[in-house]
Amino acid sequence: MSKSETESVDFVRQIITEDIANKKNGGAVVTRFPPEPNGYLHIGHAKSICLNFGIANDFDGVCHLRFDDTNPEKEDVEYVESIKEDVRWLGFDWGENQFFASDYFEQIYLWAIKMIEEGKAYVCDLTTEEVREYRAGWNKEGKDSPYRDRSVEENLDLFQRMKDGEFKDGEKSLRAKIDMSSPNMNLRDPAMYRIRHQHHHRTGDKWCIYPTYDWTHGQSDSLEKITHSICTLEFENHRPLYDWYIEALGIHHPQQIEFARLNLTHTVMSKRKLLELVQGNYVSGWDDPRMPTISGMRRRGYPAVAIREFCAHIGVTKFNGMTDLALLELYVRNNLNKTANRAMAILDPLKVVIENYDEGKSEMRKAVNNPEDESAGIREMPFSRELYIEREDFMEDPPKKFFRMAPGREVRLKNGFFLKCNDVIKDDDGKVVELRCTYDPETAGGKAPDGRKPSGTIHWVSAAHAIDAEVRVYNVLFEKEKADDVPEGVDWKETINPESLVVMKNAKLEPSLADAAPGACYQFERLGYFCVDNQDSSAGSLVFNRTASLRDNKKKK
RNA sequence: UGAGGAGUCGUCUAACGGUCAAGACACGACACUUUGAAUGUCGCUAUGUCGGUUCGAUUCCGGCCUCCUCAUCCA
């Protein structure tokens with residue numbers, strides 16, 4: 001990957017540039033992407049991944065992948081595997097630098113003992129509720145725990161017994177002795193260890209005490225010789241604690257830098273909410289193409305490079321904003337426009353019979369695979385007496401700016417001939433079921449010898465040669481830009497767009513699509529970009545997902 | 001009510017004391033077009049607010065306003 005091509009650089013890179021100039025850390029740059037394996041990665045993580053790995057790349061440093069697995073309750077290997085797959089798919093390589101916070105449990109435990117010995121930590125018997133009370137409110141000073149002044153010997157003994165499993169969950173905790181009257185709540189004797197008789201996905205049953213995030217993260221950074229520990233804004237208030245632990249231990253001191261997390265319109269981004277969508281079956285899973293997850297976007301057909309470009313262009317600041325989904329779609333379309341081969345597909349078929357075309361006859365028409373890429377070559381597609389066109393492309397009583405088919409009108413069949421509609425056949429309910437048309441064999445090149453212009457150009461598929469497919473048309477998950485901005489008492493999930501998924505079961509595709517491979521992307525002409533679903537599609541029964549619609553400049557009537 | 005952050009076009013960013021505050025997206029208009037796509041041209045109401053420092057402030061300082069985060073033995 002090349003260096004950043006924009007002239008202006010974000011504030012994080014500015015800080016790092018200065019640090020290098022000042023020979024801080026000997027000029028080295030080591031970053032890390034530290035997900036907790038308790039869910040699937042989403043586009044917000046992609047921003048962090050691109051930032052951390054991107055910085056390592058820009059400054060000839062390295063970026064570690066570290067699993068922040070300090071809370072066995074919610075964590076699982078399933079998530080570890082999905083995270084690795086997603087980071088790799090996004091195009092980043094951590095090489096040998098894969099770590100787990102749980103790799104450091106022993107060292108962190110030893111450091112805890114050191115803290116006790118130096119009188120900087122104590123075992124506390126207060127319950128969660130009591131701790132909350134002792135901490136008091138924002139404008140009040142907290143009260144010292146009655147256990148705060150236990151002797152080093154007693155603390156050492158108690159901590160050992162905590163580790164040995166003598167106590168029940170929540171019965172005791174190890175706390176840092178800092179300042180119960182600090183205006184920063186994080187400094188009011190924060191917990192370092194809690195008792196959890198829980199099986200850990202990596203350390204098994206070795207431990208029944210687990211270090212907290214605050215007591216683990218900075219130390220892990222330090223052990224890995226991280227130079228810049230980049231995290232999101234909500235950890236700003238934790239930085240004093242991060243620094244306090246590192247200073248208390250007297251170890252390598254990485255610099256924590258906070259940036260604003262990504263918010264996208266028309267979707268939700270919190271792990272809790274995404275989990276709710278999955279568990280409540282509002283979506284088919286973490287990789288549902290409507291999900292803002294990396295796996296969902298991959299399944300939807302978003303190219304990894306488009307996501308990277310998006311992340312590179314949204315910038316990195318401390319301003320908490322809301323980025324328009326349209327910007328992500330822009331990069332998706334731009335990439336696909338250049339790379340996706342064109343194909344003809346009819347989502348909602350309407351039969352057309354060409355009365356002056358011989359029954360049983362057929363011919364092959366040439367079609368350009370990608371007008372943006374000559375090397376993509378051309379293909380042939382069959383043309384015959386009976387075709388399917390898009391039901392939307394016909395109107396019995398069209399408004400002025402309708403550039404498509406209507407009674408008495410002539411349109412151009414893309415890569416085919418001019419076609420004129422003479423008759424409309426309806427069923428008993430008055431629904432149009434068939435169009436009787438004639439074609440002009442003189443217009444084979446798409447142009448009429450007499451120079452007349454058709455009212456528009458539409459796509460089509462030969463009925464006899466078409467292959468069937470299911471096409472899943474995806475729309476925004478939430479119609480509102482601020483997805484979870486719901487009125488009092490309304491469940492945010494109630495505002496899910498009922499048309500976020502529209503399944504077209506009778507789609508008709510041109511025959512060349514028969515052997516489309518899972519994941520392959522096409523532009524269905526005039527409709528949008530579609531990819532073969534990577535889960536439910538098979539050779540016999542194809543399933544396509546709509547990745548994105550084409551930009552639509554149709555006048556809103 | 002405490003602490004820590006943040007406020008620039010509709011949106012996301014740029015300008016780091018010095019020309020008309022720039023770009024992208026979105027939106028709109030026109031041109032072109034065998035995709036109402038793509039492409040091209042044009043347009044598009046912004047520095048939260050009040051003071052101060054300065055020859056000069058988006059930029060530095062102070063007050064105010066608004067928004068975000070924090071009182072988990074979550075991360």
Side-chain angles (χ1 to χ4, degrees), chain A residues 6-8 10-11 14 34-36 38 68-71 73-75 124 126-128 131-142 169-175 182-188 190-196 209-210 212-214 216-217 231-240 258 260 262 265 271-272 313-331 333-334 337-338 342 344 367-368 371-372 401-404 411-416 418 443 445-447 454 456-459 481 523-528 549-555:
Chain A
T6 43
E7 318 88 9
S8 63
D10 58 75
F11 80 100
Q14 286 182 34
E36 182 189 12
N38 68 343
D68 226 332
D69 55 350
T70 57
N71 184 8
E73 263 178 89
K74 309 184 201 165
E75 295 156 7
C124 183
L126 255 27
T127 64
T128 314
V131 168
R132 200 181 356 258
E133 281 169 33
Y134 275 77
R135 279 220 172 98
W138 281 313
N139 46 343
K140 281 172 271 177
E141 289 195 355
D169 287 8
E171 212 173 301
K172 286 184 168 29
S173 66
L174 184 73
R175 294 224 260 161
S182 169
N184 183 338
M185 286 295 165
N186 295 123
L187 264 20
R188 319 254 263 221
M192 295 166 66
Y193 270 95
R194 70 287 219 192
I195 301 174
R196 286 271 189 290
I209 54 172
Y210 290 95
T212 58
Y213 163 85
D214 285 308
T216 307
H217 201 90
C231 61
T232 45
L233 251 27
E234 64 269 30
F235 292 104
E236 269 177 326
N237 295 335
H238 291 246
R239 189 173 357 117
E258 310 86 9
L262 172 68
T265 57
K271 268 188 190 172
R272 196 202 92 226
H313 285 82
I314 52 177
V316 179
T317 66
K318 292 178 83 104
F319 175 67
N320 209 317
M322 170 83 64
T323 300
D324 196 336
L325 178 65
L327 195 61
L328 212 206
E329 290 192 312
L330 170 85
Y331 292 105
R333 289 195 183 102
N334 281 175
N337 181 43
K338 294 278 187 285
R342 314 288 124 125
M344 302 266 227
V368 172
E372 303 287 326
K401 287 244 174 182
F402 187 76
F403 299 135
R404 295 170 267 175
V411 297
R412 173 165 41 224
L413 294 173
K414 171 106 182 173
N415 304 317
F418 284 13
T443 57
K447 287 193 173 66
T457 302
I458 65 172
H459 59 286
E481 290 203 337
Q523 185 199 93
F524 290 172
E525 295 214 46
R526 301 210 308 129
L527 296 176
S549 64
L550 249 28
R551 274 185 65 219
D552 188 0
N553 278 351
K554 283 200 233 2
K555 294 289 169 304

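Naming: A, B, ... by sequence-line order, numbering from 1 per chain.
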Between A:I458 (CD1) and B:U33 (P), how many Å, whole number?
-> 20 Å
Should A:N337 be listed as having a side-chain N or O under 4.0 Å from OP1 or OP2 of B:A37?
-> no
Heavy-atom check, side chain of A:S549 versus side chain of A:R333, under 4.5 Å | yes
Whole-Å P distance, B:C25 and B:A37 | 16 Å
Check A:E481 against A:M322 and note the closest heavy-atom contact, atom names and distance.
-> O-SD, 4.4 Å
Can you tell me the distance, in whole Å, between the CD atom of A:E73 and the P atom of B:C74?
-> 7 Å
Under the 3.5 angstrom rule, does the side chain of A:R342 hit a backbone N or O of A:E525 as a donor-acceptor pair?
-> no
In the strands shown, is B:U33 matched to any nucleotide by a Watson-Crick or G-U wobble pair with both distances under 3.5 Å, and which?
-> none
Look at all strands and tell whether A:F403 reaches a base, only sugar-phosphate, or nothing, counting heavy atoms closer than 4.0 Å.
-> base
Proximity to the side chain of A:E236 - top-ranked nucleotide from B:A71, B:G4, B:A75 | B:G4
Hey, what's the ring geometry for A:F235 with A:H238, parallel, tilted or perpendicular (30° and 60° as the breaks)?
-> perpendicular
Heavy atoms under 4.0 Å, any strand shown: does A:K414 hit a base, just sugar-phosphate, or nothing?
-> base
Atom-pair distance (CG on A:N320; C1' on B:U13), nearest Å | 15 Å
Shortest side-chain distance from A:N71, nucleotide among B:A71, B:U35, B:C74 | B:C74
Which part of the nucleic acid, if any, lies within reach of A:R342 when heavy atoms closer than 4.0 Å are counted: base, sugar-phosphate only, or nothing?
-> base
Hey, does the side chain of A:R188 come within less than 4.0 Å of B:A71's phosphate (OP1/OP2), counting only N and O?
-> no
Touch class at under 4.0 angstrom, heavy-atom based, for A:G170 against every strand present = base
What integer number of Å spans the C1' atoms of B:C42 and B:U47?
-> 26 Å
Ignoring hydrogens and angles, tell me if any N or O in the side chain of A:S182 forms a donor-acceptor pair with the backbone of A:L187 under 3.5 Å.
-> no
Any strand: nucleotide that pairs with B:C16 via Watson-Crick or wobble, under 3.5 Å = none
Below 4.0 Å: OP1/OP2 of B:U13 and any side-chain N or O of A:T317 = yes
Please state how far atom CG in A:D214 lies from atom P in B:U72, giving the value in whole angstrom units.
-> 13 Å
Report which part of the nucleic acid A:F11 touches: base, sugar-phosphate, or nothing (heavy-atom distance under 4.0 Å, all strands).
-> nothing
With sugar-phosphate meaning primed atoms plus P, OP1 and OP2, does A:H238 contact a base, only sugar-phosphate, or nothing at under 4.0 Å between heavy atoms?
-> base
How many Å lie between CD on A:E234 and P on B:C74, as a whole number?
-> 17 Å
Opposite nucleotide pairing with B:G62, Watson-Crick or G-U, both atom distances under 3.5 Å = B:C50
Would you please confirm or rule out a distance under 4.0 Å between OP1 or OP2 of B:G5 and any side-chain N or O of A:R239?
-> no
Mind checking who B:G2 pairs with, Watson-Crick or G-U wobble, both distances under 3.5 Å?
-> B:C70
N/O donor-acceptor pair under 3.5 Å between A:N184 side chain and A:N237 backbone | yes
For A:R551 and B:A38, is the shortest distance between a side-chain N/O and OP1 or OP2 below 4.0 Å?
-> yes
A:R135 has a side chain; which of B:C73, B:U11, B:G36 sits nearest to it?
-> B:C73
Between A:W138 and B:C70, do the rings stack, that is, sit under 5.5 Å apart with planes less than 30° off each other?
-> yes
Walk me through it: do A:Y331 and A:H313 pass the test ring-ring contact (aromatic ring centres under 6.0 Å, His included)?
-> CA-CA 10 Å; A:Y331 292 105; A:H313 285 82; 5.1 Å; yes
Taking the side chain of A:N139 as its heavy atoms from C-beta onward, which of B:G2, B:A75, B:G36 lies nearest to it?
-> B:G2
May I ask you to test the A:H217-A:D68 pair for a side-chain heavy-atom distance under 4.5 Å?
-> yes
Report which part of the nucleic acid A:F235 touches: base, sugar-phosphate, or nothing (heavy-atom distance under 4.0 Å, all strands).
-> base
Sort out the partner of B:A57 for me: Watson-Crick or G-U wobble, both distances under 3.5 Å, none otherwise.
-> none
Answer with base, sugar-phosphate or nothing: what part of the nucleic acid does A:L126 contact at a heavy-atom distance below 4.0 Å?
-> base
Quick one: is B:C25 close enough that its OP1 or OP2 comes under 4.0 Å of any side-chain N or O from A:R333?
-> no
Heavy atoms under 4.0 Å, any strand shown: does A:E36 hit a base, just sugar-phosphate, or nothing?
-> sugar-phosphate
Which of these nucleotides, B:U35, B:G2, B:A75, is closest to any side-chain atom of A:T70?
-> B:A75
Could you give the distance separating B:G7 and B:C44 at their C1' atoms, to the nearest angstrom?
-> 23 Å
When the distance from CG of A:L330 to C1' of B:U11 is rounded to whole Å, what number comes out?
-> 13 Å
Determine the contact category for A:T128: base if any of its heavy atoms lies under 4.0 Å from a base atom, sugar-phosphate if only primed atoms, P, OP1 or OP2 are that close, otherwise nothing.
-> base
Has the side chain of A:R412 got a donor or acceptor atom that lies under 3.5 Å from a matching backbone atom of A:P454?
-> no
Spacing of A:M185 atom CE relative to B:G5 atom C1', expressed in whole Å = 17 Å
pair_partner(B:U8), Watson-Crick or wobble, both distances < 3.5 Å, evaluates to none
Contact class for A:D169 vs. all strands (heavy atom < 4.0 Å): base, sugar-phosphate, or nothing?
-> nothing
Phosphate contact (B:C73 OP1 or OP2) by A:R175 side-chain N/O below 4.0 Å = no
Closest nucleotide among B:G36, B:C74, B:A71 to the A:N553 side chain | B:G36
The side chain of A:R196 lies closest to which of these nucleotides: B:U72, B:C73, B:G36?
-> B:C73
With sugar-phosphate meaning primed atoms plus P, OP1 and OP2, does A:P35 contact a base, only sugar-phosphate, or nothing at under 4.0 Å between heavy atoms?
-> nothing
First encountered from the 5' end of RNA chain B, between A:L233 and A:D10 = A:L233
Please determine, for B:G43, whether a Watson-Crick or G-U wobble partner exists with both distances under 3.5 Å, and give it or none.
-> B:C27
Give the nucleotide from the list B:A71, B:C73, B:G36 with an atom nearest to the side chain of A:V131.
-> B:C73
Please tell me if the side chains of A:I314 and A:L262 come closer than 4.5 Å, counting only heavy atoms from C-beta onward.
-> yes
Could you give the CG-to-C1' distance, from A:N237 to B:C70, as a whole number of Å?
-> 5 Å
Tell me which of A:T127 and A:Q14 sits closer to the 5' end of RNA chain B, going by the nucleotide each one is nearest to.
-> A:Q14
Pick base, sugar-phosphate or nothing for A:M192, based on heavy-atom distances below 4.0 Å to the nucleic acid.
-> nothing
Closest of B:G5, B:A15, B:C70 to the A:S8 side chain is B:A15
Please determine, for the side chain of A:F319, which listed nucleotide (B:C12, B:G36, B:A14) has the closest atom?
-> B:C12
